[in-house]
Amino acid sequence: MIMLERFSEKGGFRIVETATVPKKAVMINGLPDVGLVGLLAASHIISSLKLEEVGSLESDVLPPMIVLHGGLPKSPVRIFAGRSLVVLISETAIPVSLLRPLAYDLVEWAQSKSIELVLSLGGMAVANRQDIEAPKVFAAISEKRLESALNGAAEILEEGYIVGAYGLILRRCAQTSVPAITLLTQSYYNHPDPVAAAASLTAVNKILKLNVDVSELLGRGEEIRLRSKDMMNRTQEELAKMNKSHEYDLPPLYG
Amino acid sequence: MAVQDIPIEHGSGWNVAGACIEPLHNLTVAANEVVLTIDLPYVNQQRVKLRCPSNDVLEIYGETTRKITFKDLGAKHRHGEFTCYHARIRMPVPVDESRISTRFKRGVLEVHLPRLK
């Protein structure tokens, strides 16, 4: 049953609520990105904490597809909630042309729900990923005061570029005074990386004082990598279109 | 089955006839070499073969430690299984196949291919 349907004024996304969405929650974003870090971590949060599906994102310009879960047709972009968390995941790669409307509509919706923190989980591709046993987590923040909220879980990114949805979400949050942290974990570029997802989730545990067990992510790593292969392939096509390699560039200005 | 006998069937990445799947790979071109990483979950490390049919193509074949079905991966509506990985990867620059070096860690094969001068 649809409880509330919000139509974007910008022709982007409609956010359809099918159950009560808690106010003043923390919103976690797990969109397909480098190494599928955010998607794997957010999906693990949803299953571990048994969060309830509370809504979906719909758009006439998304690829014409649905995903079946439990025999029922669902939007590939869905919202789950519970335990003062709201978690967004997408089971399809979001086309580059939709990333800006997605960022604007999501942040506007987050404001309407009085979201206290937008926490986006992504990967940061590193060439020597094979040599890294414990991937490091970096954080970009929308306002300086959030540095203390990290609880030492991540190192602040002071300079650099963020390409894709998470950069746009962070910027929009900064513009609209919605507190936001983007966690970027060292990962493979286009290999699903459950080890990086576990590192990201460990940082989330520390920041939000959660206790989500990451051992399953690590123990079922091979299965997860194989299951995510096609998703990674499609995501990689979008990453190439958005010029994701720009993140390797050094910013030309100095202070 | 020899590497060269496997028919190439791209698209979904599954070759039902050859019981093979195309692995994810990432290719980086550096000044002196091409670096390739290939994701090979469930592969038997001792049963991975590489060859260069020409100086701009690398072919990989690797057997898995067990038979894997679509059902194992949550797809009940599709039938099929695979027991190996196979890919023929085109190099953006010519490489010297006699000096290829590899290392395998946590199911990811890293291949270094020196560029031909």
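- In summary, Glu91(A) and Arg78(A) engage in a salt bridge, as defined by a charged side-chain N under 4.0 Å from a carboxylate O.
- Within the 4.5 angstrom heavy-atom criterion, only backbone atoms of Ile38(B) (N, CA, C, O) approach chain A.
- No part of Phe70(B) comes within reach of chain A, as not one of its non-hydrogen atoms sits under 4.5 angstrom from that chain.
- Shown here is Asn128(A), whose CG atom has more than 12 heavy atoms of other residues, nucleotides or ligands within 6.0 Å.
- Closest approach of Ser120(A) to Ile169(A), counting heavy atoms only: OG-CG2, 4.2 Å.
- In terms of heavy-atom pairs under 4.5 Å with chain B, the best-connected choice from Met232(A), Arg227(A), Gln236(A) is Arg227(A).
- The two atoms that bring Pro95(A) and Glu238(A) nearest to each other are CA-OE1, 3.4 Å, heavy atoms only.
- Ranking His25(B), Arg106(B), Lys105(B) against chain A, the residue ahead of the rest is Arg106(B), based on heavy-atom pairs under 4.5 Å.
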